[in-house]
Amino acid sequence: QVQLVESGGGLVQAGGSLRLSCLASTRRFDTYHMGWFRQPPGKEREFVAAINWSGKDTYYVDSVKGRFTISRDNAKNTVYLQMISLKPEDTAVYYCNFIQWDTWSVILEIWGQGTPVTVSS
C-alpha cells in the first residue's frame, strides 16, 4: 500500500529556514511527478511546488518562488522542500503527493499526516 510520510516541520522565526522531507513507500517512485501542498489554519489545502520524475523540471507558485526549492532523491524515494526567508503566511501543515504535470492535481487521494510549519513574526 502506498504511504507518504512527511517530516522536518517545526517552529521558526520569520526569516528562518526549514527543510521538509517526504518519504514515499511505492515502487517506481522515479516514474512519478511529485508535489508539495500546504493547508494554512482554517483554509483549504493549496498547491505549492512540483518536480517532475527526473528532477530536471520544477514549478512554484508565485508566493514561494525564489524562497522555496523542491528537489528529489529517487534512490531514497524522497522529495524535499527547502524553505528560506520564511514568512508568517507560510504557516501551514505541509503535505506531499503524486501529481499530474501541468494541472498539479493529485493522482492518488492518499495523504500522509503532514508536517506542521509555524513561522512566528
Exercise for review: Answer yes or no: is there an ion pair linking Lys65 with Asp62, defined by an N-O contact shorter than 4.0 Å?
Suggested key: yes
Point to revise | Expected output: side-chain Asn77 to main-chain Ala24 donor-acceptor under 3.5 Å | key: yes
Check your understanding: His33 side chain to Trp53 main-chain N or O, any donor-acceptor pair under 3.5 Å?
Key -> yes
Review point. Below 4.5 Å, heavy atoms only, C-beta onward: do Arg19 and Tyr80 meet side chain to side chain?
Key: yes
Point to revise | Thr115 (side chain) donor-acceptor with Gly9 (main chain) under 3.5 angstrom | key: yes
Review point. Can you name the nearest heavy-atom pair linking Ser105 to Thr103, along with the distance?
Key: OG-OG1, 2.8 Å
Check your understanding: Short question: side chain of Gln113, backbone of Glu6 - any donor-acceptor pair under 3.5 Å?
Key -> yes
Check your understanding: Is the distance between the ring centroids of Trp104 and Tyr59 under 6.0 Å?
Key -> yes
Check your understanding: Considering all heavy atoms of both residues, which atom of Gly66 and which atom of Ile84 are nearest to each other, and what is their separation?
Key -> O-CD1, 4.4 Å
**Study point:** Any Val61 side-chain heavy atom under 4.5 Å of Phe68 side chain
**Key:** no
Review point. Are any of the side-chain heavy atoms of Cys96 and Trp111 separated by less than 4.5 Å?
Key: no
Check your understanding: Looking at Leu86, Thr118, Asp90, Thr91, which one forms a side chain to side chain contact (heavy atoms under 4.5 Å, CB included) with Val12?
Key -> Leu86
Review point. Does Thr78 use its side chain to pair, donor to acceptor, with the backbone of Lys76 at less than 3.5 Å?
Key: yes
Review point. How far does CZ of Phe47 sit from CD1 of Ile99, to the nearest 0.5 angstrom?
Key: 5.0 Å
Review point. Do the side chain of Asn52 and the main chain of Asp57 share a donor and acceptor less than 3.5 angstrom apart?
Key: yes
Check your understanding: Taking atom CG of Leu81 and atom CG of Leu18, what is their separation to the nearest 0.5 Å?
Key -> 9.5 Å
Check your understanding: Is there a donor-acceptor contact under 3.5 Å from the side chain of Thr26 to the main chain of Val2?
Key -> no
**Study point:** Value rounded to 0.5 Å, distance of NZ in Lys87 from OG in Ser121
**Key:** 14.0 Å
Point to revise | Spacing of Phe37 atom CZ and Tyr94 atom OH [to the nearest 0.5 Å] | key: 13.0 Å
Review point. So do Met83 and Val117 actually touch side chain to side chain, heavy atoms under 4.5 Å?
Key: yes
Exercise for review: Answer whether the closest heavy-atom distance between the side chains of Gln82 and Ser17 falls below 4.5 Å.
Suggested key: yes
Check your understanding: Is the closest side-chain heavy-atom distance between Leu4 and Tyr95 below 4.5 Å?
Key -> no
Review point. In the single-linkage hydrophobic clustering (I, L, V, M, F, W, Y; side-chain heavy atoms under 4.5 Å), do Val5 and Leu108 co-cluster?
Key: no
Point to revise | Note, Ile51 side chain near Val79 side chain (heavy atom, < 4.5 Å) | key: yes
Practice item. Mark yes or no for whether Tyr60, through its side chain, and Ile70, through its backbone, hold a donor-acceptor pair below 3.5 Å. Key: yes
Practice item. Find the distance between CD (Glu44) and CZ (Arg38) and round it off to the nearest 0.5 Å. Key: 14.5 Å
Review point. Do the charged groups of Asp30 and Arg72 touch, with an N to O distance under 4.0 Å?
Key: no
Point to revise | Same cluster (ILVMFWY, side-chain, under 4.5 Å), Leu23 and Ile107 | key: no
Check your understanding: Below 4.5 Å, heavy atoms only, C-beta onward: do Ser25 and Gln1 meet side chain to side chain?
Key -> no
